[in-house]
Structure formats: C-alpha cells, structure tokens
Amino acid sequence: MRRDPAGNVGRAKEMDETVAEFFRRTILKIPITEMMAVLKAWDFLSENHLQTVNFRQRKESLVQDLVLLCEEKRASLNDAALLDIIYTQFHRHQKVWDVFQMSRRPGEDIDLFDMEQFKSSFKKILQRALKNVTVSFRDTEENAVWIRIAWGTQYRKPNQYKPVYVVYYSQTPYAFVASSLLKSNLPLLGQALTVASKHHQIVKMDLRSRYLDSLKAIVFKQYNQTFETHNSTTPLQERSLGLDINIVDSRIIHENRVEKERIQRVTQEIFGDYPQPRLEFAQYKLETKFKSDLNGGILAEREEPLRCLVKFSSPHLLEALKSLAPAGIADAPLSPLLTCIPNKGMNYFKIRDK
C-alpha cells in the first residue's frame, strides 16, 4: 500500500522482494545532497513523480517513498543496476581501478566498431559461460561504456552487492576494472572484453589508482592537458612550482638564484607546466644478489636474492614528487624511477639485477 502526499491510499503493483531491497540499499547510500542529481541522471522517475516526494523528510522515509514509486513504475532489476552504475560514477574515487591493455595479432586489420554489437557480444559470452550473471550497461561521454557485472555461480544467483565495474572506451585497447573482481572470474571477463572488442590478447598493466580520470589521462597520453581547474592568470612557472620569482630573487645571492633557476628549469622539463595525474602511491620491489669483495660472510653463500619493498604514498604523489626539488628536499633531477611513472604507465615496479 502507498500513501500519496495528499493522504490518499492506493495499491501499487508488488515488486520482487530482492529487487525492492536492491533499490532500497542503493538509494540509501546516495547522500541527500546528491539525491536529486543522481535521480535526474538516472532518468527513470519523471519530474512529476519527483515533485510528489518530500526530499526534506527523514532519509528512511524518503527511501521508502522512492522505492514505492519505483514499484508503481514496475522497475526491473536492470533499472536498479543502472541506478547503481550512476551512483558509482558519482563516487568513482571510492573504488580502486586496475588498467587492462588488449592487443591484436600483428598485421590484423581494425574493423569498424559498433558499440551495440560490443555490448551484445560481451553479454552473450558471459551468459553462455555462466548461468547466473547479470550484465548492465550505461553509455557515457567520449564513446565510453560503463559495464556492471553481478556474478553468481551455477547454483547461486548473482550477488548484486558485490558487482564488478568495467569502463571501456570504444576503439581503444584499454579497459578499467574496479578491483573487487574474483580471480576465478578474471579469465572469463578477459575473454569477453577481447572477443567483444575484436582484440586477441589482454594483460593487466602495473597501474592502479582510485582516480579513474587520471588513469585514463596516463594511458591515453593526455597528462599534458589541463584536467583540473587552476588560476590561469598566474604565470606557468609560478603556478607549477609555487614560487614567486620576483620576491625570492631580491633576497638571495646570485649563486642561489642561478641554482634555483636550474632546479625550476629541470623540474619543468621533467613534469611540464600542467597539473599532474593523480595517483596515491608508487611501489618498487627490489630483488638483488648479495655482492661483496670480502671473503666469506653470512650472506656470501646465499642463493636466494635479497628482496625489499619500497612504497611512496601521498594523496597526490606526482605533484608531491614535482615539489621535492624546488622545496630543497631532493636534488634535481629526481631519479628516473620516480619521474617515469606517467610515461611508462606504471606505478608498480620490479627492479632486478641485469
């Protein structure tokens, strides 16, 4: 039963309990401040429907009213999945994204790409291999498609609360996958991506971050473009390094001024004048044999290599690295192992003896 804002009571068509609960949990996690924006992007409930809802009431009551509206409109599981995709798009930084790169056979021709054909092929591959799986799509800007996959097993229905999200840009070899994927399902997902996009092979890159837009900027070599708002009236050199040259020069001796100019020039040559893509860490695994000119010693006969792990972390690692030399914390230029991250498209490194 549903009571409308005028107090009238009507009967709505009952929705499957599992679907209703899926809607309830999805709507419940949307912040009140974003509720209207998410619902409008979803575009399932009309303006007239939304005007009947009191968005200033307690959230539990608001969620109940919205679920009942969905019930009246006979919303399906796919409608709920689409709402979940939109919520995830608003909060993409809450996921950790891995990058996968696909390739074609040498000399293989590139066929014309059709997004609808891609989606149909992708879904068929998963559903033929696995009885219980639900796949939902949402097209976005820049010829991208968001894919939501809820995995089940041959004997269990799909778990709608632990889905995998994939973002694929058409006619590119890259896919971005939220890293909650079970290892047992990874080969099937890889097969669906390669076949549907008409590639031959797929590999996981050593690149991971919460910031999907920054990963995209790195793999598409767009990090030399401005993708953050900044004060364009500030000269590029001062904006990128945070230095006021006129004030500093008047207070330092000539030698220091020359060195600061060198550091500034070298830093700009390495990092450029633009904001850096946002990554939270870079990880380096070192494996090396023990070497010593001294005879004997406790490690002299060791067959296994020495291993250590070094991890650099920061809310904005590349901008932090960019500021080290100008701040006097490190010499310029920095090690190529630190500055090559965007060019190599990696933030996981393995360093071994040559």
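Counting begins at 1 with the first residue of the sequence.
- Inter-residue side-chain proximity for F22 and D16 is flagged as unmet; no heavy-atom pair is nearer than 4.5 Å.
- Annotation: side chain of P275 is not in contact with side chain of H316 (no heavy-atom distance under 4.5 Å).
- Side chains of V99 and R208 form no contact here, defined as non-hydrogen atoms less than 4.5 Å apart.
- The shortest side-chain heavy-atom distance between W97 and K216 does not fall under the 4.5 Å cut-off.
- The only option from F312, F281, Y284 that meets the ring pair (Phe, Tyr, Trp, His ring centres under 6.0 Å) definition with Y348 turns out to be F281.
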Handout entry: salt bridge (Lys or Arg N to Asp or Glu O under 4.0 Å) assessment of D206 paired with K344
Key = CA-CA 10 Å; D206 293 320; K344 286 189 176 293; over 6 Å; no

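- A salt bridge does not link R265 with E261: every distance from a Lys NZ or Arg NE/NH1/NH2 to an Asp or Glu carboxylate oxygen is 4.0 Å or more.
- Classification of the F113-F118 ring pair by plane angle, with boundaries at 30° and 60°, yields tilted.
- Contact check for L309 versus R307: no side-chain heavy atoms found under the 4.5 Å cut-off.
- Counting only residues at least two apart or on different chains, the side-chain hydrogen bond (donor to acceptor under 3.5 Å, both in side chains) pairs with a member in residues 187-202 are R104-H199, R105-H200, S197-H199.
- In this structure, the side chain of Q276 engages the main chain of F271 through a donor-acceptor pair within 3.5 Å.
- At least one side-chain heavy atom of T267 sits less than 4.5 Å from a side-chain heavy atom of P326.
- Under the ring pair (Phe, Tyr, Trp, His ring centres under 6.0 Å) criterion, W42 pairs with F23, F44, sequence neighbours left out.
- Residues Y87 and Q94 are in side-chain contact: their nearest non-hydrogen atoms beyond the backbone lie under 4.5 Å apart.
- We find the CD1-CZ distance between I147 and F176 to be 12.5 Å, quoted to the nearest 0.5 Å.
- With contacts defined as side-chain heavy-atom distances shorter than 4.5 Å, the pair P31/F90 does not qualify.
- Using a 4.0 Å cut-off between a side-chain N of Lys or Arg and a carboxylate O of Asp or Glu, K29 and D84 qualify as a salt bridge.
- In K59, the NZ atom is crowded: over 12 heavy atoms of neighbouring residues, nucleotides or ligands sit closer than 6.0 Å.
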Practice task
Decide side chain to side chain donor-acceptor pair (under 3.5 Å) for R148 and Q160; before the verdict, give the C-alpha distance in whole Å, the side-chain angles of both, and the deciding distance to 0.1 Å.
Solution key: CA-CA 10 Å; R148 181 186 187 276; Q160 299 297 336; 2.8 Å; yes

